[in-house]
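Accompanying notes for the structure given below.
Basis for what follows: all heavy atoms, side chains included, without hydrogens, waters or symmetry-related copies.
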Amino acid sequence: MKTKITISDIAKELGIAPATVSRALSNHPEISAATKKKVKAVAERMNYSPNKMASSLRSGKTKLIGVLIPTAEHLFFGSVIHGISNLASQQGYDVLIYQSNESEEFEKKGIKTFINARVDGILVSISKNTTDYSHFELVKEKNIPIAFFDRTNDNLGISSVSIDDYLGAYLATESLIKSRYNRIAHISGPQHSKAFAERVRGYQAALHQYNIPFDNNFIYNGDISIEAGRKGVQHFLNLENKPDAIFAVEDFTALGALKELKEIGVKVPEEFGIIGFCNDLFGEHITPSLSTVDQKTVQMGEEAFNLIYELISKKGEKTNSQKRVLTPTLILRESSKKN
């Protein structure tokens with residue numbers, strides 16, 4: 001019994017040429033709207049599914065986008081993928097997702113997987129532990145369109161979409177100052193990552209703007225985790241000159257700091273202020289609710305897809321790398337409202 005419906009079967013049913021069916025299914029401009037509608041209706045009734053391999057051989061495109069993320073544990077990356085997938089499906093693209101687990105080794109395996117799958121383009125958010133970027137250079141050598149999102153690297157000549165990390169950190173720190181906290185510490189992320197280095201710069205710039213002296217002891221180098229938040233608080237509260245607020249590099253670090261402060265009996269926000277960075281979903285549901293910086297995750301995903309789609313469309317042309325920077329929004333909740 002024949003189970004696989006082909007273009008020839010649809011053509012025979014309608015009494016038209018297979019080439020006409022093929023063009024109608026691919027929305028060819030020379031085929032009338034009426035014919036397209038008729039062909040698509042019969043294709044749906046007969047449960048036709050296109051042979052993507054054959055189609056990719058004809059067009060030279062697989063209609064696949066590879067998306068490499070550091071972790072699936074954070075809602076942040078799920079929201080970015082939501083934005084990517086929405087626009088990808090509208091353009092007939094499927095999305096392959098690979099998780100590096102914040103490992104340079106897994107990140108390299110992910111890139112190799114995408115190359116072997118012959119994806120049309122690759123979107124990457126760099127692992128926090130990556131210090132060797134040769135696998136991205138390999139993608140460029142193979143002339144595969146590639147772009148970074150969120151965690152980027154400006155030294156590779158690769159286009160990117162990111163939030164304005166400097167501005168977001170400045171706004172977060174400034175909000176603590178305006179809430180009458182004046183000894184503000186920062187729990188940072190790995191400084192070889194541009195995003196986290198920019199957040200340190202923004203934090204320092206806000207202190208400078210409001211004539212608050214910068215104290216090296218008020219920076220704790222963390223690894224973007226709940227545990228880093230706990231350890232940061234322990235470090236700061238052992239200082240002779242203790243801080244009265246923390247700007248955390250991201251929301252899970254802020255959560256760790258908040259948990260540690262609650263366990264030792266420090267009242268937030270009355271005695272100590274906390275603000276994070278990301279606007280992860282849990283932030284508004286904990287007590288006290290977490291002040292943060294919104295990274296515009298869905299918009300970032302949409303911009304990332306628009307960028308890679310443009311690069312795929314211009315493949316073979318000489319183009320300069322682009323930097324698309326989104327403006328963050330301050331989200332003030334209970335954890336930093338001292339007033």
Side-chain angles (χ1 to χ4, degrees), residues 56 59-72 74-100 107 110-111 113-115 117-128 130 133 135-168 193-196 198 278-279 293-329:
S56 69
S59 66
K61 292 182 178 180
T62 59
K63 303 295 280 187
L64 291 173
I65 299 287
V67 180
L68 185 53
I69 59 172
T71 176
H74 294 190
L75 179 68
F76 171 85
F77 290 109
S79 295
V80 174
I81 288 170
H82 177 68
I84 293 169
S85 299
N86 276 351
L87 293 192
S89 63
Q90 291 176 26
Q91 297 296 337
Y93 275 87
D94 289 321
V95 176
L96 295 181
I97 300 167
Y98 195 102
Q99 181 182 202
S100 71
E107 188 174 83
I111 290 294
T113 298
F114 290 154
I115 291 172
R118 301 183 181 278
V119 297
D120 292 340
I122 298 173
L123 289 169
V124 179
S125 186
I126 304 172
S127 153
K128 69 181 180 183
T130 296
Y133 305 102
H135 44 305
F136 302 131
E137 296 286 4
L138 176 64
V139 174
K140 289 173 64 180
E141 287 170 16
K142 289 183 174 292
N143 199 29
I144 300 170
I146 182 172
F148 293 136
F149 67 93
D150 183 43
R151 302 188 201 166
T152 67
N153 186 313
D154 290 344
N155 299 320
L156 302 176
I158 292 174
S159 296
S160 63
V161 178
S162 62
I163 200 75
D164 189 333
D165 291 288
Y166 174 91
L167 176 61
S193 169
K194 181 198 169 194
F196 306 139
E198 284 296 290
C278 178
N279 196 23
V293 175
D294 188 356
Q295 283 189 263
K296 308 285 182 68
T297 50
V298 174
Q299 184 184 350
M300 183 180 289
E302 291 173 345
E303 280 295 327
F305 177 78
N306 284 334
L307 176 56
I308 198 67
Y309 184 71
E310 181 182 315
L311 294 174
I312 291 167
S313 302
K314 293 180 178 179
K315 185 176 178 180
E317 298 178 22
K318 189 174 181 180
T319 56
N320 294 323
S321 62
Q322 304 177 40
K323 285 201 293 182
R324 300 185 183 182
V325 181
L326 307 180
T327 302
T329 303

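Within the model, atoms CD of Gln295 and SG of Cys278 stand 5.0 Å from one another, a figure rounded to the nearest 0.5 Å. Separating the CD1 atom in Ile126 from the NE2 atom in His135 is a distance of 7.5 Å, to the nearest 0.5 Å. Taking CD1 of Ile308 as the start and CG of Asn306 as the end, the distance is 11.0 Å to the nearest 0.5 Å. Atom-to-atom distance recorded for Ile65:CD1 and Leu123:CG is 6.5 Å, nearest 0.5 angstrom. With rounding to the nearest 0.5 angstrom, the CD atom of Glu302 is 9.5 Å from the OG1 atom of Thr297. Here Ser162 contributes atom OG and Lys323 contributes atom NZ; the two are 7.5 Å apart, rounded to the nearest 0.5 Å.
The shortest heavy-atom contact between Val67 and Phe114 is N-CZ, 3.4 Å. Heavy atoms only, all atoms of each residue included: Leu311 and Ala147 are closest at CD1-CB, 4.2 Å. Among all heavy-atom pairs drawn from Val293 and Pro328, the shortest one is CG1-CB, 3.5 Å. The two residues Val161 and Thr152 come nearest to each other via the heavy atoms O-CG2, 4.1 Å. Nearest heavy atoms, Val139 versus Ile115: CG2-CD1, 4.4 Å. Taking every heavy atom of both residues into account, Thr113 and Tyr98 meet most closely at OG1-CE1, 3.8 Å.
A heavy-atom distance below 4.5 Å is not found between the side chains of Asp120 and Tyr309. Residues Glu310 and Gln322 have side chains in contact (heavy-atom distance under 4.5 Å, counting atoms from C-beta outward). Within the 4.5 Å cutoff, the side chain of Asn86 has no heavy atoms near those of the Phe305 side chain. Residues Val119 and Leu96 meet the side-chain proximity criterion, which asks for heavy atoms closer than 4.5 Å. No side-chain heavy atom of Arg118 sits less than 4.5 Å from a side-chain heavy atom of Leu64. Counting only heavy atoms from C-beta outward, the side chains of Val95 and Ile97 approach each other to under 4.5 Å. In this structure the side chain of Thr71 reaches within 4.5 angstrom of the side chain of Gln99, judged on heavy atoms. Using a 4.5 Å cut-off on side-chain heavy atoms (C-beta onward), Lys142 and Leu138 make contact.
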Problem - side chain to side chain contact (heavy atoms under 4.5 Å, CB included) evaluation trace for Asn153 with Thr130 - result: CA-CA 11 Å; Asn153 186 313; Thr130 296; over 6 Å; no

Problem - Steps toward side chain to side chain contact (heavy atoms under 4.5 Å, CB included) verdict (Asp164, Thr327) - result: CA-CA 6 Å; Asp164 189 333; Thr327 302; 5.9 Å; no

Exercise for the section: Output, in order, the C-alpha distance, side-chain angles, deciding distance and verdict of side chain to side chain contact (heavy atoms under 4.5 Å, CB included) for Ile158 and Ser321. Expected result: CA-CA 6 Å; Ile158 292 174; Ser321 62; 6.0 Å; no

Problem - Residues Tyr93, Ile312; criterion side chain to side chain contact (heavy atoms under 4.5 Å, CB included); working and verdict - result: CA-CA 12 Å; Tyr93 275 87; Ile312 291 167; 3.7 Å; yes

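Using a 4.0 Å cut-off between charged side-chain N and carboxylate O, Lys194 and Glu198 make no salt bridge.
Remark: the backbone N or O of Phe149 is paired with a side-chain donor or acceptor of Ser125 at under 3.5 angstrom. Looking at Lys296, its side chain never comes within 3.5 Å of a backbone N or O of Thr329 through a donor-acceptor pair.
With sequence neighbours left out, the ring pair (Phe, Tyr, Trp, His ring centres under 6.0 Å) criterion links Phe136 to Phe148.
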